[in-house]
Amino acid sequence: MRAFAEALSRAGDCPAIGTFIKIANPDVADLLRAADLDFVIVDHEHSPFSVGDVAVMVAAFAGTGVPALVRVGDHSYADSQRLLDAGAAGIVVPHVTDAATAREVMSHLLFPPRGTRGLGYTSRAGGWGMLDGGMAEYIRHGNEVVARIPMIEDPSAVEEIDDILAVDGVSAVFVGRGDLSVAMGVTSAHPAVDAALDRVAAAARRRGVPCGTAVADAAGAHALRGRGMDFLLVSNDASMLAAGAAVLAGGARAGYGSPTDPLATGGKK
């Protein structure tokens, strides 16, 4: 399985393209092969995944060679440990509001002396205790290869972005424009949200840290061209299924003179 850093370099001049995974079925990994995604993020924050479900999805994507990161639900130690030992290619942490919070969550994701991550060498991440290179390789991979990505979703985080990016262990930064806009009291299309994205991207460039965000579709991705995005999350598996089904069914009805637009009616006739 590629590392997240390899996914970024694989993309060339285009941002690395990924999507969120919200459907707890390993067949999704095979179904998405045709998309040739650079990476995925299994969404443990906004989907009803158990830790076991996430582990199955991480393994399924590993079988296709696509790095599967996991967006955790909070800043707790326990889930991040189990997800890392399940073989996650990285951890995406929501609502990292300041440098102190960044130091706390990065510590959970790094082995001593840099952090407090516990050893789980006999897990999937350690090759079930049979990893080539042994314990030393397990620790090296955990500290040097696994991605650790804080999400910038609060105005205070934008103000402290330079200090957050300076924290040991930060591999990349993800601007969550949806939650950020809500916290600002504006829509995600508001110029203030654009300015915040540009501020974070500029700070990331200064430190050589990859920066990314999420978009709903290809048009949203194109709109960010030249804005310093190194990776983009384009939609999610569940929305792709819903939108594709609506277009297909609507197109079939249109051939029989049906005026129904399933996208406009939410799929209801």
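Closest approach of F61 and L32 over heavy atoms only: CZ-CD1, 4.3 Å. Smallest separation of non-hydrogen atoms from I23 and D237: N-OD2, 3.1 Å. Nearest heavy-atom pair across I164 and A102 is CG2-CB, 4.1 Å. Smallest separation of non-hydrogen atoms from L232 and L224: CD2-CD1, 3.8 Å. Considering all non-hydrogen atoms of both residues, M240 and V234 come closest at CE-O, 3.7 Å. Between S235 and A216, the shortest heavy-atom distance links the atoms CB-O, 3.4 Å.
One finds the CZ atom of F39 at 9.0 Å from the OG1 atom of T19 (value rounded to the nearest 0.5 Å). Here the CE-CG distance, from M57 to D27, works out to 8.5 Å after rounding to the nearest 0.5 Å. The CD1 atom of I41 sits 6.5 Å away from the CZ atom of F231 when rounded to the nearest 0.5 Å. Here the CG atom belonging to L31 is positioned 11.0 Å from the OG1 atom belonging to T64, to the nearest 0.5 angstrom. The CG atom of N236 lies 7.5 Å from the OG atom of S47; values are rounded to the nearest 0.5 Å.
Side chain of H46 to backbone of G73: no donor-acceptor contact under 3.5 angstrom is found. The backbone N or O of I149 lies less than 3.5 Å from no partner atom in the side chain of S171, so there is not a single donor-acceptor pair. With hydrogens and angles ignored, the 3.5 Å screen pairs no side-chain donor or acceptor of E153 with any backbone N or O of A183. One N or O on the side chain of R148 and one on the backbone of N143 form a donor-acceptor pair closer than 3.5 Å. Of the possible donor and acceptor atoms, none in the side chain of T122 sits under 3.5 Å from a partner among the backbone N and O of G129. Of the possible polar contacts, one joining the D230 side chain to the C211 backbone as a donor-acceptor pair under 3.5 Å is found.
With sequence neighbours left out, the ring-ring contact (aromatic ring centres under 6.0 Å, His included) criterion links Y121 to Y138. Residues meeting the salt bridge (charged side-chain N to carboxylate O under 4.0 Å, His left out) test with D163, sequence neighbours left out: none. A search for salt bridge (charged side-chain N to carboxylate O under 4.0 Å, His left out) contacts involving D36 returns R10, not counting sequence neighbours. Partners of R117 according to the salt bridge (charged side-chain N to carboxylate O under 4.0 Å, His left out) rule, which considers only residues two or more places apart in sequence or in another chain, are D85. Partners of E137 according to the side chain to side chain donor-acceptor pair (under 3.5 Å) rule, which considers only residues two or more places apart in sequence or in another chain, are R140. Take D217 and apply the salt bridge (charged side-chain N to carboxylate O under 4.0 Å, His left out) test, not counting sequence neighbours, and it matches no residue. For H44, there are no ring-ring contact (aromatic ring centres under 6.0 Å, His included) partners at least two apart in sequence or on another chain.
Residues near V145 contribute nothing to a hydrophobic cluster around it, because no ILVMFWY side-chain heavy atom sits closer than 4.5 Å to its side chain.
Neither side chain, S156 nor D154, offers a donor N or O lying under 3.5 Å from an acceptor on the other.
For residues 89-114, every residue pair satisfying the salt bridge (charged side-chain N to carboxylate O under 4.0 Å, His left out) rule, not counting sequence neighbours, is listed here: R114-D168. Among residues at least two apart or in separate chains, side-chain hydrogen bond (donor to acceptor under 3.5 Å, both in side chains) pairs with a member in residues 173-183 are H95-D179, R177-T213. Identified under the salt bridge (charged side-chain N to carboxylate O under 4.0 Å, His left out) test for residues 54-71, with sequence neighbours left out: D43-R71, E45-R71.
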Per-pair distances, 0.1 Å, donor-acceptor, side chain in residues 197-205, under 3.5 Å, sequence neighbours excluded:
from: D198; atom 1: OD1; to: R227; atom 2: NE; distance (Å): 2.7
from: D198; atom 1: OD1; to: R227; atom 2: NH2; distance (Å): 3.2
from: R199; atom 1: NH1; to: E159; atom 2: OE2; distance (Å): 3.1

